[in-house]
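What follows is a set of notes on a single structure, which appears directly below.
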There are 2 protein chains.
Amino acid sequence: MRDNNEMPGHLARRFQQIAVAVFLAEVEEAGFDLTPVQYAALSAISTNPGVEQVTLAGLIAYDRTTITGVVDRLVQKGFLLRHPSSRDRRARELKITEAGKRTLRAITPAVEAAQRTMLRGLTAKEGTELMRLLRKAIAAGNDLSRAPLRNAELR
Amino acid sequence: MRDNNEMPGHLARRFQQIAVAVFLAEVEEAGFDLTPVQYAALSAISTNPGVEQVTLAGLIAYDRTTITGVVDRLVQKGFLLRHPSSRDRRARELKITEAGKRTLRAITPAVEAAQRTMLRGLTAKEGTELMRLLRKAIAAGNDLSRAPLRNAELR
DNA sequence: TACTGATAATCAGCATGCTGATCAATATCA
DNA sequence: TGATATTGATCAGCATGCTGATTATCAGTA
C-alpha cells in the first residue's frame with residue numbers, strides 16, 4: 001500500500017486538522033471563542049447583509065443541513081439576527097448585529113495571524129503556490145461534494 | 001476582509017471536504033462501506049499487527065479519543081480484533097482479521113482511483129508539487145494539533 | 001384554479017474530532 | 001517500599017458535516 005505521505009487525501013486531512021488547531025489557538029489567545037466555520041459564516045453575512053441561509057451555504061460551501069446549527073450558535077451568541085423573509089416565507093434572512101460587527105473587527109488580526117502560522121513552514125513563494133494549486137484542485141472538484149461553492153449572483 | 005480564496009484555512013477545508021466526498025463515492029461505487037478514517041486505521045493496523053491504540057493514533061495522526069470509536073466500528077464490522085495487551089494491562093492490541101485483509105485488498109483500487117480523482121484538475125507535475133508543499137507545511141505544523149504524527153519506533 | 005414539482009429550512013441519525021475528566025495500571029523516584 | 005507522576009483507554013459534551021426524510025411554501029403548468 002502507498003505510504004500515507006503519498007496520499008493526497010491523507011495530506012488534506014492533516015493540513016485541515018492543523019489549520020483548525022492553529023485557528024482556534026490564535027483566536028483563543030486573542031480572547032475570543034469562535035470556530036473557523038462560525039467565523040466564515042459571520043464574515044460572509046457581514047459582506048452580504050440579509051442573505052438567506054441557502055445562499056450563505058453556497059457562498060462558503062457548507063452543507064445546507066450544517067448551516068442551521070452554525071447559525072443557531074451565532075444567534076445564541078448574539079452575533080446574528082434571523083428573520084423570516086418577507087419575499088419568501090420559507091426563507092430566513094440573516095443580519096449581523098453590532099456585537100457581531102465588533103467581534104469580527106476585533107478578531108481579524110488573530111485570523112490573519114493564523115493564516116500565516118499554518119503556512120509557516122513554507123517560503124512566501126511556496127505559500128502562494130500552495131494556495132494556487134489548492135484553488136485549482138478545488139475548482140475541478142467543486143461539484144463532487146454535496147456542498148459546492150456557489151456564486152451569489154448566479155442563484 | 002481577505003477573500004476566502006486567499007485564506008489557506010478555507011482552502012484546506014474545501015479540499016478536505018472534496019477529498020472525503022470523492023473517497024466515499026469511489027468506495028461506495030466499488031461496493032464497500034468504509035470511511036477514509038476507517039480505511040487509514042485498517043491499513044495501518046495491517047502494516048503493524050498487534051499495535052496498541054495509542055501508537056496507532058500517532059501513526060496516522062488521530063486524536064486518542066477519536067480512535068476508540070473508529071476501532072469500535074471496525075471491530076463491529078468484523079475487520080479488527082481488540083485484545084488486552086499481555087505486556088501492559090492498560091493497553092489494547094489491535095489485529096486485522098481475515099475479513100479485514102480481504103476488504104483492504106479489494107478496496108485498494110477504489111482508494112487509488114479516489115486519490116487520482118481529487119487531483120484531477122492538476123497536471124501530474126502540479127499534483128506532485130501540491131503534495132510536496134502539503135507535506136512541508138504539515139511537517140512544520142505537526143505539533144500544533146492535539147494529534148501529531150508520531151513515528152512508531154520513537155515511542 | 002388545481003396539480004405537480006421544486007425549493008428553504010429543519011430534523012433524526014451517524015461519523016469525525018476536539019476539550020477536559022475519570023479510572024486503572026504502570027513508571028519513577030525519594 | 002511508598003508516594004507521586006505518567007500513561008492507555010474511555011467517557012461526556014460539544015461542533016462539524018454528511019444522508020435522507022419531512023414540512024411549509026413557492027413556481028410553473030394543465
Side-chain angles (χ1 to χ4, degrees), chain A residues 9 12-14 16-25 28 33-41 51-58 60-77 82-94 144-148 150 155, chain B residues 9 12-14 16-25 28 33-41 51-58 60-77 82-94 144-148 150 155:
Chain A
R13 187 181 69 83
R14 276 298 282 144
Q16 151 76 356
Q17 186 181 42
I18 291 167
V20 171
V22 166
F23 184 100
L24 292 174
E28 191 195 351
D33 172 30
L34 212 64
T35 67
V37 163
Q38 289 167 12
Y39 170 79
V51 70
E52 297 175 7
Q53 285 188 193
V54 65
T55 307
L56 170 64
I60 47 188
Y62 286 15
D63 189 86
R64 66 180 193 280
T65 62
T66 303
I67 211 104
T68 299
V70 173
V71 169
D72 276 352
R73 286 179 281 277
L74 287 170
V75 169
Q76 197 64 36
K77 289 178 179 182
R82 171 162 46 185
H83 302 299
S85 163
S86 50
R87 231 181 6 81
D88 181 342
R89 277 184 297 166
R90 292 169 303 180
R92 304 278 178 274
E93 287 181 358
L94 303 172
L144 300 180
S145 86
R146 173 163 131 161
R150 289 189 198 290
R155 298 195 71 254
Chain B
R13 187 181 69 83
R14 276 299 280 143
Q16 152 75 356
Q17 187 180 43
I18 291 167
V20 171
V22 165
F23 184 100
L24 292 175
E28 192 195 350
D33 172 29
L34 211 65
T35 67
V37 163
Q38 289 167 12
Y39 170 80
V51 69
E52 297 173 8
Q53 286 188 192
V54 65
T55 307
L56 171 64
I60 46 186
Y62 285 17
D63 189 87
R64 65 181 194 281
T65 63
T66 303
I67 211 104
T68 300
V70 174
V71 168
D72 276 351
R73 286 180 281 275
L74 286 170
V75 169
Q76 197 64 34
K77 289 179 178 181
R82 171 162 47 186
H83 303 298
S85 163
S86 51
R87 234 182 2 84
D88 182 342
R89 278 182 296 165
R90 293 170 301 181
R92 304 278 179 273
E93 287 181 358
L94 303 173
L144 301 179
S145 86
R146 172 163 132 162
R150 289 189 199 291
R155 296 194 73 251

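Lettering of chains follows the sequences in order, A, B, ..., and the numbering in each one begins at 1.
The distance from atom CG of A/L56 to atom CZ of A/R92, rounded to the nearest 0.5 Å, is 14.5 Å. Put simply, OG1 on B/T68 and CZ on B/R73 are 10.0 Å apart, with the number rounded to the nearest 0.5 Å. Rounding to the nearest 0.5 angstrom, the gap separating the CG atom in B/L74 from the OG1 atom in B/T35 is 7.5 Å.
Summary of the strand contacts: A/A91 and A/Q17 both lie near DNA chain C, and taking for each the nucleotide with the nearest heavy atom, the more 5' one is attributed to A/A91. In terms of position along DNA chain D, the nucleotide closest to A/V37 lies nearer the 5' end than the nucleotide closest to the other residue of the pair A/S86 and A/V37. The residue among A/T35 and B/E28 whose nearest nucleotide of DNA chain D lies closer to the 5′ end is A/T35. For the pair A/I67 and B/Y62, nearest-nucleotide mapping onto DNA chain C gives the more 5' position to A/I67.
Remark: C1' of D/dG17 and CZ of A/R13 are 15 Å apart, rounded to the nearest angstrom. Summarising the geometry, the separation between CG on B/L34 and C1' on C/dT16 is reported as 14 Å, rounded to the nearest angstrom. Between the P atom of D/dC18 and the CZ atom of B/F23 lies a distance of 16 Å, rounded to the nearest Å. One atom, CD of B/Q38, and another, C1' of D/dC18, lie 14 Å apart when rounded to the nearest Å. Taking atom CZ on A/R14 and atom P on C/dG17, their separation rounds to 11 Å, with Å as the unit. Between A/L56 atom CG and C/dT10 atom P there is a gap of 12 Å when expressed in whole angstrom units. Remark: P of C/dA24 and CD of B/E52 are 19 Å apart, rounded to the nearest angstrom. Separating the NE2 atom of A/H83 from the P atom of C/dA9 is a distance of 14 Å, rounded to the nearest angstrom.
For B/Q53, a side-chain nitrogen or oxygen approaches OP1 or OP2 of D/dT10 to under 4.0 Å. Phosphate contact (OP1/OP2 of D/dT16, side-chain N/O of B/Q16, threshold under 4.0 Å): absent. Put simply, A/R64 has no side-chain N or O that comes within less than 4.0 Å of OP1 or OP2 on C/dA9. In this model, the phosphate group of C/dT10 is approached by a side-chain N or O of A/R82 to a distance below 4.0 Å at OP1 or OP2. In terms of phosphate contacts, B/R92 brings no side-chain nitrogen or oxygen within less than 4.0 Å of OP1 or OP2 of D/dG8. A sub-4.0 Å separation between OP1 or OP2 of D/dC26 and a side-chain N or O of A/R87 is absent. Residue A/R146 has a polar side-chain atom (N or O) positioned under 4.0 Å from OP1 or OP2 of D/dT19. Between B/T68 and D/dT10 there is a side-chain polar atom (N or O) within less than 4.0 angstrom of OP1 or OP2. Side-chain N/O atoms of B/R73 include one lying less than 4.0 angstrom from OP1 or OP2 on C/dT16.
Not one N or O on the side chain of B/Q53 forms a donor-acceptor pair closer than 3.5 Å with the backbone of B/V71. Under a 3.5 Å cut-off, the side chain of A/E52 and the backbone N or O of A/D88 do not form any donor-acceptor pair.
Side-chain atoms of B/R90 and base atoms of C/dT26 include no donor and acceptor less than 3.5 Å apart.
A/D88 comes within contact range of the sugar-phosphate backbone alone, with a heavy-atom separation under 4.0 Å but no base atom that close. Within the nucleic acid shown, B/V20 has no heavy atom closer than 4.0 Å to any nucleic acid atom.
Applying the side chain to side chain donor-acceptor pair (under 3.5 Å) test to A/R89 and every residue at least two apart in sequence or in another chain returns nothing.
Here the closest non-hydrogen pair linking B/A40 and B/Y62 is CB-OH, 3.6 Å. Across all their heavy atoms, B/R146 and B/P148 have their closest contact at O-CD, 3.2 Å.
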Q: Tell me, with the steps shown, if A/R14 and A/Q17 meet side chain to side chain donor-acceptor pair (under 3.5 Å).
A: CA-CA 5 Å; A/R14 276 298 282 144; A/Q17 186 181 42; 2.4 Å; yes
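Of the candidate nucleotides D/dT16, D/dT10, D/dC26, D/dT10 has the atom nearest to the side chain of B/T65.
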Every protein N/O lying under 3.5 Å from an N/O of nucleotides 3-5 of chain C:
none

